[in-house]
Amino acid sequence: MSQSTEGKIKWGIIGTGGISNKFVADLPHSSNGVAYAVSSRSQESADAFAGKYNIPKAYDNYDKMLQDPEVDVVYVGTPHPLHKQNVLDALNAGKHVLCEKPFTINAGELEEVVALAREKKLFLMEGMWTRFLPPIRRAREWIRDGKIGEVRLVKADFGFRIGWDPESRLLNPELGGGALLDAGIYPVSFASMVLGAKPAEVFSTAHIGETGVDEQFSILLGYEGGRAATLNGAVRLGFPNEAYVHGTEGYIYLPQFLFGASASLFVNGEKVETFQDDRNSEGYALEAEEVGNLIRAGKLESDIIPLEESLDIMRLLDKVRSQWGLKYPGEQ
């Protein structure tokens with residue numbers, strides 16, 4: 001039985017891979033959105049996905065779904081190299097868009113996408129879902145309220161070990177594989193959230209594996225006034241995936257930071273507060289709800305992950321890759 005769509009923001013889903021499954025499975029936890037349509041490159045895949053999540057419409061072609069007048073907003077959950085064209089097509093069809101991170105392969109692609117969204121006066125946002133998790137929001141409040149004094153250092157890591165499969169998405173350069181765009185976007189975005197996306201200095205190193213993508217990396221960002229961020233990412237190394245924000249009066253600790261289950265505040269070496277999230281969803285519904293609220297309010301972007309910040313983050317990722325001499329197929 002299909003979910004009721006009455007009075008809801010109707011989502012159209014592009015792609016039926018792992019991340020689209022996570023997003024749609026979580027969507028019922030939002031107060032204002034419902035999965036209304038899904039599109040895939042095959043009817044069989046679209047039908048299977050629609051059946052799994054009780055989605056009313058299933059299309060074997062992205063363009064067919066984009067022509068559906070009932071679709072209010074599109075979620076793009078395809079591999080990175082497809083994001084640019086998928087988003088451009090959705091915008092040209094008059095649809096608002098939430099695009100999974102990383103937004104595009106490089107800043108040039110993203111500049112083109114953002115320009116079209118602004119020209120068409122349509123909502124566009126990067127799917128950096130962790131920004132909307134309650135523990136991350138609480139950490140931002142502590143920082144804003146001066147609980148740890150002046151922020152001096154951010155440390156964040158995200159890494160996991162996948163099995164060796166040269167054709168897998170994460171190791172295939174044709175699919176935008178590698179640690180930086182897939183795993184590294186989380187610590188880089190976290191540092192941007194706290195310190196900004198325009199560091200004065202960028203130092204980095206990476207291990208480029210047999211397939212020609214970065215399997216692990218380390219980045220040191222230097223900001224004005226001596227502030228810094230140390231960031232690590234990997235797809236062939238398992239990390240604890242923690243984040244710390246150190247200030248002159250204390251620090252904030254976020255275990256498994258991008259999944260946002262808790263945040264702890266330490267002042268003068270003593271733990272003074274722990275925020276524990278008791279949400280009953282993974283958390284993708286929170287970004288979906290934000291998108292729905294903003295669309296209804298007539299907004300074109302989110303203050304939590306604004307388009308200019310997404311552009312600055314992508315330019316920073318480009319700079320890091322240039323230090324490694326890493327280009328993806330089709331890049332000049």
Side-chain angles (χ1 to χ4, degrees), residues 5-16 19-20 23-24 26-27 30-40 55-57 59 61-129 131-132 185 189 192 197 284-315:
T5 61
E6 187 175 350
K8 299 276 191 174
I9 295 286
K10 296 175 184 175
W11 287 84
I13 311 300
I14 292 183
T16 55
I19 196 68
S20 291
F23 179 81
V24 173
D26 219 45
L27 193 54
S30 75
S31 65
N32 58 12
V34 63
Y36 174 80
V38 61
S39 56
S40 179
I55 298 174
K57 298 283 190 72
Y59 293 95
N61 178 288
Y62 301 154
D63 290 332
K64 288 180 185 176
M65 188 192 76
L66 294 176
Q67 299 309 313
D68 188 328
E70 291 294 312
V71 172
D72 298 310
V73 57
V74 170
Y75 171 79
V76 176
T78 51
H80 326 328
L82 302 179
H83 286 182
K84 174 193 166 185
Q85 195 58 53
N86 291 157
V87 176
L88 291 176
D89 289 344
L91 292 171
N92 278 317
K95 305 300 185 186
H96 303 295
V97 179
L98 171 65
C99 181
E100 191 52 55
K101 59 79 202 164
F103 225 147
T104 53
I105 287 290
N106 56 47
E109 289 189 353
L110 185 53
E111 287 165 3
E112 189 177 339
V113 164
V114 169
L116 183 62
R118 288 173 172 164
E119 176 191 329
K120 298 280 187 180
K121 293 183 170 50
L122 290 165
F123 180 89
L124 178 64
M125 191 181 91
E126 178 182 4
M128 184 47 67
W129 65 288
R131 289 277 177 105
F132 301 91
I185 185 72
S189 185
S192 172
Y284 293 92
L286 297 172
E287 69 171 356
E289 192 163 289
E290 167 86 350
V291 171
N293 288 336
L294 292 172
I295 289 172
R296 282 183 167 161
K299 305 287 188 182
L300 299 183
E301 59 183 285
S302 169
D303 291 335
I304 295 175
I305 179 74
L307 293 175
E308 284 302 323
E309 185 184 2
S310 290
L311 281 163
D312 286 337
I313 289 171
M314 193 55 67
R315 291 172 186 132

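Predicted model only: the values in this text are computed from it and were never measured.
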What distance do [X] atom [atom1] and [Y] atom [atom2] have between them, rounded to the nearest 0.5 Å?
X    : Y    : atom1 : atom2 : value
I295 : H96  : CD1   : NE2   : 5.0 Å
S310 : M125 : OG    : CE    : 8.5 Å
K120 : L88  : NZ    : CG    : 10.5 Å
K84  : D89  : NZ    : CG    : 10.5 Å
I55  : T16  : CD1   : OG1   : 10.0 Å
M128 : F103 : CE    : CZ    : 10.5 Å

Hey, which of L82, V114, I14, V76 is the one that makes side chain to side chain contact (heavy atoms under 4.5 Å, CB included) with V87?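 With V87 as partner, L82, V114, I14, V76 yield a single side chain to side chain contact (heavy atoms under 4.5 Å, CB included), made by V76.
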
Residue among V34, V74, L98, V24 satisfying side chain to side chain contact (heavy atoms under 4.5 Å, CB included) with W11: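 So, applying the side chain to side chain contact (heavy atoms under 4.5 Å, CB included) to W11 and each of V34, V74, L98, V24, only L98 qualifies.
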
Can you confirm whether [X] sits close enough to [Y] that some side-chain heavy atom of one is under 4.5 Å from a side-chain heavy atom of the other?
X    : Y    : result
F132 : V291 : no
H83  : T78  : yes
F123 : L294 : yes
E112 : L116 : no
R315 : L110 : no
S302 : E290 : yes
V97  : L122 : no
L311 : E111 : yes

If every non-hydrogen atom of [X] is compared with every non-hydrogen atom of [Y], which pair is closest and at what distance?
X    : Y    : value
G33  : K8   : N-CD, 4.1 Å
D26  : A285 : OD2-N, 2.8 Å
E289 : S31  : OE1-N, 2.7 Å
E309 : S189 : OE2-O, 4.5 Å
I105 : H80  : CD1-CB, 3.8 Å
E100 : G127 : OE2-O, 3.2 Å

Quick one: do E126 and R131 satisfy salt bridge (Lys or Arg N to Asp or Glu O under 4.0 Å)? Show the steps, please. CA-CA 11 Å; E126 178 182 4; R131 289 277 177 105; over 6 Å; no

Which residues pass the side chain to side chain donor-acceptor pair (under 3.5 Å) test with E119, not counting sequence neighbours?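 E119 satisfies side chain to side chain donor-acceptor pair (under 3.5 Å) with no other residue.
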
Just to verify, what does N293 make a side chain to side chain donor-acceptor pair (under 3.5 Å) with, not counting sequence neighbours?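 In terms of side chain to side chain donor-acceptor pair (under 3.5 Å), with neighbours along the sequence ignored, N293 is linked to N32.
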
Determine yes or no for a side-chain-to-main-chain donor-acceptor pair under 3.5 angstrom, with S20 supplying the side chain and G15 the backbone.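 Flag set: sc S20 to bb G15 pair under 3.5 Å.
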
Check for a donor-acceptor pair, side chain of E109 on one end and backbone N or O of T104 on the other, with a separation under 3.5 Å.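 Flag not set: sc E109 to bb T104 has no pair under 3.5 Å.
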
Solution key, residues 64-73 side-chain donor-acceptor pairs under 3.5 Å, sequence neighbours excluded:
{"residue": "K64", "atom": "NZ", "partner": "D60", "partner atom": "OD1", "Å": "3.0"}
{"residue": "D68", "atom": "OD1", "partner": "E70", "partner atom": "N", "Å": "2.8"}
{"residue": "D68", "atom": "OD2", "partner": "K57", "partner atom": "NZ", "Å": "3.3"}
{"residue": "D68", "atom": "OD2", "partner": "Y59", "partner atom": "OH", "Å": "2.7"}
{"residue": "E70", "atom": "OE1", "partner": "K10", "partner atom": "NZ", "Å": "2.4"}
{"residue": "D72", "atom": "OD2", "partner": "K10", "partner atom": "N", "Å": "2.7"}

